[in-house]
Amino acid sequence: MCPTELRQLSILRHALGLKDPVGEGEPYRNHFASHIDGSDYNDLNEMVAYGYMIRKDVKLTDMDGIIYYSVTEAGKRYVNESKGMNTGKE
């Protein structure tokens, strides 16, 4: 896996509440928030293009620039297939 894929896998796991580096635990949520200037913004939008995440348009006046994402069924399958793979992130 290339570094981009490992970063994206880590984001998917985090969105589902799984612990890195190997995706331990049971999913207990399904959301990820990012600012449009955030370091993970491009990865999130790539995963939307892959069909692994969807972007949720939530308008909060006190949180301008924050975008919410959730993991799709395809994204959950990818995470499940990658269970035990070490992303190197704690």
Side-chain angles (χ1 to χ4, degrees):
M1 249 186 179
C2 74
T4 299
E5 291 173 303
L6 293 175
R7 265 194 332 270
Q8 292 174 352
L9 176 58
S10 182
I11 289 169
L12 289 167
R13 287 175 175 169
H14 179 78
L16 294 171
L18 301 172
K19 294 183 181 178
D20 256 343
V22 293
E24 296 174 317
E26 292 296 320
Y28 66 91
R29 65 177 178 220
N30 188 353
H31 65 271
F32 193 97
S34 177
H35 192 273
I36 56 173
D37 294 328
S39 61
D40 44 24
Y41 181 75
N42 289 333
D43 283 322
L44 288 159
N45 287 304
E46 278 186 29
M47 288 188 286
V48 169
Y50 300 155
Y52 290 167
M53 296 192 95
I54 58 170
R55 182 177 166 153
K56 297 185 172 201
D57 290 320
V58 178
K59 305 289 186 216
L60 299 173
T61 56
D62 61 337
M63 298 186 79
D64 288 338
I66 301 292
I67 300 165
Y68 290 89
Y69 299 82
S70 63
V71 182
T72 64
E73 289 303 314
K76 290 175 186 177
R77 280 192 302 276
Y78 176 70
V79 168
N80 194 43
E81 291 165 4
S82 303
K83 199 163 205 137
M85 186 173 296
N86 192 325
T87 63
K89 296 196 175 197
E90 294 293 329

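Everything numeric here is computed off the predicted structure, so don't read it as measured data. Worth knowing before you read on, the calculation uses all heavy atoms, side chains too, and leaves out hydrogens, waters and symmetry mates.
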List the atom pairs, with distances to 0.1 Å, where a side-chain N or O of residues 21-29 and a protein N or O form a donor-acceptor pair under 3.5 Å, not counting sequence neighbours.
unit_1	atom_1	unit_2	atom_2	d
Arg29	NE	His14	O	3.0
Arg29	NH2	His14	O	2.6

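- Shown here for Ala74 and Gly51, the closest heavy-atom pair between the two residues is CB-O, 3.7 Å.
- Atom CG in Leu18 sits 6.0 Å away from atom NZ in Lys83 (nearest 0.5 Å).
- Interatomic distance, CG of Leu44 versus CD of Gln8, reported as 8.5 Å (0.5 Å rounding).
- Taking OH of Tyr78 as the reference point, atom CD of Glu5 lies at 5.0 Å (rounded to 0.5 Å).
- If you chain together hydrophobic residues whose side chains sit under 4.5 Å apart, Met47 and Ile54 never meet in one group.
- Asn45 has its side chain within reach of Tyr69: a pair of non-hydrogen atoms, C-beta onward, lies under 4.5 Å apart.
- The shortest non-hydrogen separation linking Met53 to Ala15 is CE-CB, 4.1 Å.
- Gly38 approaches Ser34 most closely through the heavy-atom pair CA-OG, 4.4 Å.
- Note that OG1 of Thr72 is 7.5 Å distant from CZ of Arg77, once rounded to the nearest 0.5 Å.
- Identified under the salt bridge (charged side-chain N to carboxylate O under 4.0 Å, His left out) test for residues 37-46, with sequence neighbours left out: Arg7-Asp43.
- Here the side chain of Ser70 pairs no donor or acceptor atom with the backbone of His31 at under 3.5 angstrom.
- Residue Leu6 holds its CG atom at 11.5 Å from CD1 of Ile11, rounded to the nearest 0.5 Å.
- In this structure, CG on Leu12 lies 9.5 Å from CG on Asn30, to the nearest 0.5 angstrom.
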